[in-house]
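First up is the structure itself, then whatever we jot down about it.
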4 protein chains.
Amino acid sequence: MSSTFGEKIKISVFGESHGQGIGVVIDGLPAGEVIDLDAVLGQMARRAPGRDKTATPRKENDLPEILSGILGDTLTGAPLCAVIKNTNTRSQDYGDLLYKPRPAHSDYTAYVKYNAANDIRGGGHFSGRITAPLVFAGAVCRQLLERKGIRIAAHIKQIGKAKDKSFDPVRVDTALMERLSASSFALIDEGAEEAMRAEAEEARLARDSVGGVIECAVTGLPAGIGEPMFDGAEGVIAKAVFGVPAVKGIEFGAGFKLAEMRGSEANDPFRFKDGRVVTETNNCGGILGGITDGMPLIFRAAIKPTPSISLPQKTVDLQTGENTTLEIHGRHDPCIVPRAVPVIEAVTAIALLDLM
Amino acid sequence: MSSTFGEKIKISVFGESHGQGIGVVIDGLPAGEVIDLDAVLGQMARRAPGRDKTATPRKENDLPEILSGILGDTLTGAPLCAVIKNTNTRSQDYGDLLYKPRPAHSDYTAYVKYNAANDIRGGGHFSGRITAPLVFAGAVCRQLLERKGIRIAAHIKQIGKAKDKSFDPVRVDTALMERLSASSFALIDEGAEEAMRAEAEEARLARDSVGGVIECAVTGLPAGIGEPMFDGAEGVIAKAVFGVPAVKGIEFGAGFKLAEMRGSEANDPFRFKDGRVVTETNNCGGILGGITDGMPLIFRAAIKPTPSISLPQKTVDLQTGENTTLEIHGRHDPCIVPRAVPVIEAVTAIALLDLM
Amino acid sequence: MSSTFGEKIKISVFGESHGQGIGVVIDGLPAGEVIDLDAVLGQMARRAPGRDKTATPRKENDLPEILSGILGDTLTGAPLCAVIKNTNTRSQDYGDLLYKPRPAHSDYTAYVKYNAANDIRGGGHFSGRITAPLVFAGAVCRQLLERKGIRIAAHIKQIGKAKDKSFDPVRVDTALMERLSASSFALIDEGAEEAMRAEAEEARLARDSVGGVIECAVTGLPAGIGEPMFDGAEGVIAKAVFGVPAVKGIEFGAGFKLAEMRGSEANDPFRFKDGRVVTETNNCGGILGGITDGMPLIFRAAIKPTPSISLPQKTVDLQTGENTTLEIHGRHDPCIVPRAVPVIEAVTAIALLDLM
Amino acid sequence: MSSTFGEKIKISVFGESHGQGIGVVIDGLPAGEVIDLDAVLGQMARRAPGRDKTATPRKENDLPEILSGILGDTLTGAPLCAVIKNTNTRSQDYGDLLYKPRPAHSDYTAYVKYNAANDIRGGGHFSGRITAPLVFAGAVCRQLLERKGIRIAAHIKQIGKAKDKSFDPVRVDTALMERLSASSFALIDEGAEEAMRAEAEEARLARDSVGGVIECAVTGLPAGIGEPMFDGAEGVIAKAVFGVPAVKGIEFGAGFKLAEMRGSEANDPFRFKDGRVVTETNNCGGILGGITDGMPLIFRAAIKPTPSISLPQKTVDLQTGENTTLEIHGRHDPCIVPRAVPVIEAVTAIALLDLM
C-alpha cells in the first residue's frame, strides 16, 4: 500500500498540497495518556515554512484540528485524527506542470503511476507539506516514548560542505538533546551555523539549492527492541525514514565507514559499567542483529538538494513528446535540511513506538 | 513480527544454525510458472561457504528439499516450502557463548530479548546460514522478474580500501549483469580482484576480518513501481536489505554524495530518447517520490566486517557479572562480502516482486 | 489493530459519536476513476437516521467533506479522506454512563479495555454513527465494482418473526438488486413490510427493541476470487461484516441448514450453460474452498436487537461496586435492521474490492 | 494473501495432500516457554483419520518433525517450523479430477484460480489433510493460553438431525472441558453418541455423507480482549474458523436466534458476583463491541456434509466442454464433524493468542 505505516501503531497519512486538507489517523495509541498539545504544536512549528530565514517564503497555517481520539487532553484509545486545512493555495502557479515534469520531483513518476490523474498542484500527495501531519503524529508518539525515558534528537550534520560535529556515540547528553529538539536550526556546535547558512545563501543567490545530512540519536532505549531479519530496528527505522521526501540514504553507527574497518576495530567491546552491560565504542549504532543493545541508537540520513530551483532545467513535454526547458519562477527554499530535522525525529518516534 | 517479509509475496524464513533444519515458505507465487531449479541451485552455490578460497572452511550441504508448491517444475500457486537439513553441526564449539556474548554479534541482544532461551549455537536464528533460504526464495523471485525483462546484478564495490568501478548509472550492460550474476567473486573490473583478496588475506593473517560495500543494479523496471511515502521503492528495498545480517547502511543513486551537491547538479534532466522518457544522469538511482522512473535502480549497501575474529576480544560474563576476554578458536571467514552479493540480489528480487 | 481493514484497499475509520467529527481514509483506490458523489450521498442517506419512520428521531447532518484523494470528480490515487463533522451532540444525556454500563453495549468492555479513558458519550468510537463513514467508503468501492459488472444488494430477511422471501440463489435479478439498493426499507417481497413494521412498532410501544436478519447477494463476480484458508472469501467478508456493530452471526449459502443435509443434497452439481460453468443449486453460496465459483455470492447476517431500550435494566455501578438499575429516557430506534442494510452492503463492497 | 494468519502470532501453513510434505511456520511465539509435545501429539491424534470408527479408512502418519524454534522442549523465540512428511499417497486415484471437478470441492475454483496448474491430487493445498499442521499450531498456542488460565473446548453439537446439549453459557465446567478436549467424539451428553453415529452410518450405507454443527467455548478470558470494528473478537475468530475447510457459518452467543428476540430479552444484565462483574445471561457470547466481557466466549460453526461421496454426481468435463457424471470409488468418511472438533479448537487458540 502506500501512505500507511506500522503494525502496532498504524499511521495513515492523507492529503494533497492544494486539496482541501491534509492530515493523519493514528490507530493503536494507548488510552488514558495525557498529550501536551502545546508541545505537539511546538514540534510542528519547527517544520513549518516561513519561520526561519533560510526557509521558503510561503507561509502556511499548520494548525491541526483534532477530530477524534482525544477527550480533553487525554487519549481515548480510539483512532486519533488530526486535520490541517489548506488555505494559502495558489493553483495557478502550477499550470503546465502535469505535462512538463520538474526534474528530481515525483511529477513524472506520479504521472505514469496514476495515469495523469494525480493532483499535480504543489506536488499533490508528494508535497513536502504532507510532512506536517507526520510531525504531528511523531510528536504524539514522542511524548509516549519520553514517559518511558526514551529521548530522540536530531541535528543538521551537514549542509553542502559545511559540517557540524557528530554525536558522541556512547554518551549523548540529555541537555544537548533538549536544546536540539527545541531548535529550528539544530546544531551540536552552534559555531557551524554561519558556514551552513552561507551554503544555503550561496545556493539561493545562484537560483539553486543544496543538500545535506541529518544525524539522529535515540537514548534510553532498553536492550531487546527489534526483531531478527526483516523487522529489525534498522529495517523498520529505514522504512520510516525513507518515507520522508528527499531522503536517499541511511546508515547506522559507523555506517559506510565500516567498509574500510577491520573487525577488531569495528566490534564494540562489551563491558560492565555500574552493573549494566555497555559497549566501549558504538560502531553498531546501538543495534546488533536488528535488536537494540541499550546503547544510543544513532543513524544518519542523506537529504538530496531541494529539487525546486529557479534555474532553467531540461525536461520533456509529455503532451508534444518533445524535449523542452522548464523555468519555475517564484522564490524557493534553497535548503530544506533544517526543516527536515523535526520530520526525521518524528518518523523515528513513530517507528520506535511501533517496534516496542 | 520478525522473519516475515512482504504483502503480495509473503516470505517466512525459519531455522537455527544448529537446529534440525532451516528453510522458507513463500506464499503468493503465481501458479503455472515454470521454475528452473538448476538456476536456483546455482544462486545458492554462490552463497555457500567453502566454494571460494576467501570463504569459510566449514562446508555445508545446502541442498534444498522442496516440500510443496511445485509439481514437476511448475508452481502450483500453493505456498512453496523449501527445507535445508542441517548436517555438519559442531555444537561443542559454542559452549559458553550463551554467557560470554561475542562482540558485534547478536548474542547479547538475543540473550536479553529471548530471556536466555534462544538457541545460541552458531548464532541460532541470527546465523549467516539463515541467508541460504533467502537466496533460495530470491532465486525463485528473480526468475519471475526476468520473464518481465527485469534483471538484477550486484558486485563487490569495495573490500577494505580496495575498490571496484561503479555501474554506469544510466546504462547497465546486460552481458555484464549476466557475468556478475554467475560469479562467486563478482566484479565489474576484474582487475580489482587481486587487491580485494589481499585485503581479505591480510585480515585473515591478522586473525581479523574486513568489511566492504556491495552495489546492486536493477534494469528493465517499468516506470511507476512503488508507492508514495512508506511503501516507496527505497523503503521497501531498504527493509529487505537490512534483513541481511551485517548490513549497516544503504544509499540510492548518488546517496550521501547528494549532501554536497547543488540541485542543478543533482536533478536528473528528463529527455526523450527513442520515444521513451529517460534521464540524462541518474543521481536519484531510478526512484523519484518512491516510484521507479524507468532508469536503472541502483543502490549500495555497507557491510560491516565479519564479527567473528580469532583475536582475543573484551566482553562480559553474564553469569558472573564480570568483565572478561573471549578468544574464539578455529578458522573464520575473514570477509563475507563476496558471499553476501547473491544474498543482496536475492532480497532485492523479493522486495521488487512484492512491490510489483 | 482495530479500525483498519484490508491489504490491497486499506480503510481506516476514525471518530467518536460526540467528538469533533468522524470519517474515513481509503488508501489504495485506483487513480483516474470517476466517482459519482451523488450516488455516494444516496447510499449514506439510506443509513442516516430520521429518514424512515421506523428510525431514531435524532437527526444527523451526515454530509461528508472530502479532504483529499479526489480532484473534481476523479480519484487521484492518493488516499481519499472524508470527514463528517458532528453537530447535533447532546452530551448531557450520557452523564453517568461511564460508571453504569448499558447492558449489551460496549460501555463495560470499553471501560475495561481503555482504563475508563474512552469517550463514553453516545458510545464513542463504538457508536452506530461510526457506520456513516463505512457507508461512504463502501459506496465508493461499490462504484468501482459495478464498472466490472459486480453488483451488491441486501434486503431485510427478517425482523422479529416477520420474514421476507429469500434471494433465488442461482439467479438474482438485476432489476430487483437495483430496487433494493435504492430502498430505505429493502424487501424482496414488499408485502412483508407491514408485518415487519408491526414488529418494530410493537417493540417501540413496549419501550423495547427487536432484532433481525439481513441477506446479501453479490452478482457478476468472476470465478477465482479469494484465497485458500484464512483469506478465503468467507473469512474476509465475515471479518468485514462483524465490523458492523450488532452483527452476531454470518452464514454463506445454505449455512446452518447444511448441518442437516446429506452431501448428495448439499453438493451443487456443475453444469455447462451457454458455454459457462454454473451450478444447478447454490448451497455453497458461490464459494468453494474460499474461492468464488462465478455463481451469486449469498450470505446472511444476524443482527441483535438494538441494545438501547427505554425499559429499566439491571446493571452495575462501577464506582460504588453495587448492583443497580438503569433507565434511559428519550426515544430509541426500536429496530436498526433497515438502516443496517446499506452498511452490510458497504462492508461487503470493501471486502470484495480488497479480495480482487 | 492466503495461507497466512495473524499479526502478533503469524501462522504460515504449507503443503499439498500428495506433495512431499505439509507443515506450518509459527512466528512470534514467546521464548522460554516449555512445550509439552506429547500433549501436542495428543491433539493431532484427535484429528487424524482412522482412529475413530466413523472416520476415513485411509491412515496417515501425522508425526510432525520440528525443524526449528524449540531447543529441548523450550521455545527459543525463533520461528517454529513443523513438517509432516507425506507417505501414504495414492496419486493414481485422482487421475481425471483435474478436468472433472468434484461438486462442492475446490477442484473447479482452484482450476480457474491457478490456471489448471494446481496440484489436484487429493485436493492439493485444499485437502482436509492440511488441517493437521493447523492442529499442531493450535495445540502449541493452546498451551500458552492455558498458562494464563484460558481454556478452550468444543463438542459435536449436531450431526444430521441428532443433537447434543449446549454449553451452559454462563458457566462452562472445567472438568467437562477437559473431558471434551481429550475425546475423539466430543459430546456434552454422551447419550447423544448413538443417534449421531446412526446418522453417519446411514449416510455411509447410502454412499452419502452428512453435515453438522460444532460448538466451542472459551473460559478464563479476561475482559478487554479484542478491538473495535474490524479486529473485534468475532471478526478475528470468524476469519480463523472460516479457514477450516467445510465451515459455512458461524454465530456467537445466541447468534441467529437474536433475530427473533426483543432487546429486553437479549440484553445480558450486568451483576456483581464475588466482586467481579458478570452477566446473568450470555446471549452476546462473551463479546460486546468486539471486546471480551470476561464471560465464557461461545460460538457455533456450521459444517457442510463432506463433499466426497460415492454416489454418482453430475459435473462437467472441462476438457470436452460437456456435461458428464462422476463416480468416485473407494470408501469415504461419511462425517468429518468429529475430526473437525480439534481443528476448530486449534484455530480458536491461534486467533485468541493473536488477539491478546
Side-chain angles (χ1 to χ4, degrees), chain A residues 1-4 6-34 65-72 74-86 110-111 113-121 124-127 130, chain C residues 1-4 6-34 65-72 74-86 110-111 113-121 124-127 130:
Chain A
M1 202 48 41
S2 64
S3 305
T4 310
E7 298 202 9
K8 294 178 202 157
I9 299 289
K10 285 211 165 83
I11 304 283
S12 188
V13 177
F14 57 87
E16 284 136 326
S17 179
H18 289 59
Q20 292 303 304
I22 59 178
V24 62
V25 180
I26 318 171
D27 197 358
L29 293 171
E33 293 279 343
V34 172
E65 183 186 11
I66 296 176
L67 297 184
S68 64
I70 291 188
L71 188 58
T74 304
L75 294 174
T76 63
L80 194 170
C81 178
V83 167
I84 304 164
K85 289 296 184 70
N86 290 331
Y111 176 92
K113 183 174 189 67
Y114 300 114
N115 302 314
N118 57 306
D119 184 354
I120 196 71
R121 299 170 302 158
H125 189 53
F126 295 83
S127 166
I130 209 77
Chain C
M1 202 48 41
S2 62
S3 304
T4 309
E7 298 202 9
K8 293 179 203 155
I9 298 289
K10 286 212 163 81
I11 304 283
S12 188
V13 176
F14 58 87
E16 284 135 324
S17 180
H18 290 58
Q20 293 303 304
I22 60 177
V24 63
V25 180
I26 318 172
D27 198 357
L29 293 172
E33 294 279 342
V34 171
E65 182 185 11
I66 295 175
L67 297 184
S68 64
I70 291 187
L71 187 59
T74 304
L75 294 174
T76 65
L80 194 171
C81 178
V83 167
I84 304 164
K85 288 296 183 69
N86 290 330
Y111 177 91
K113 181 172 190 69
Y114 300 113
N115 302 310
N118 57 308
D119 184 354
I120 195 71
R121 299 171 303 158
H125 188 53
F126 296 84
S127 166
I130 210 77

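Lettering follows sequence order; numbering is per chain, from 1. The figures here come from the full heavy-atom set of this structure, side chains too, leaving out hydrogens, waters and symmetry mates.
Side-chain contact between His125(C) and Pro79(A) is present, with at least one heavy-atom pair separated by less than 4.5 Å.
Between Val25(A) and Ser12(C), the closest heavy-atom pair is CG1-OG, 3.6 Å. Nearest heavy-atom pair, Asp27(C) versus Ser3(A), reported as atom, atom and distance to 0.1 Å: OD2-N, 3.1 Å. The two residues Glu16(A) and Thr76(C) have their closest heavy-atom pair at OE2-OG1, 2.5 Å.
The part of Ile66(C) that comes within reach of chain A is its backbone (N, CA, C, O), which places non-hydrogen atoms under 4.5 angstrom from that chain. Heavy atoms closer than 4.5 Å to chain A are found in the side chain of Val83(C), but not in its backbone. Residue Leu75(C) touches chain A through its backbone alone, counting heavy-atom pairs closer than 4.5 Å.
Chosen from Ala116(A), Ala117(A), Gly23(A), the residue pairing most often with chain C at heavy-atom distances under 4.5 Å is Ala117(A). Chain A forms more heavy-atom pairs under 4.5 Å with one residue of Gly6(C), Gly21(C), Ala110(C) than with any other, namely Gly21(C). With chain A as the partner, the residue from Pro30(C), Gly32(C), Gly69(C), Gly124(C) showing the most heavy-atom pairs under 4.5 Å is Gly69(C).
Atom CG of Asn115(C) sits about 9.5 Å away from atom CD of Glu33(A), to the nearest 0.5 Å.
Side-chain atoms of Asp119(A) do not come within 3.5 Å of backbone N or O of Leu71(C) as any donor-acceptor pair.
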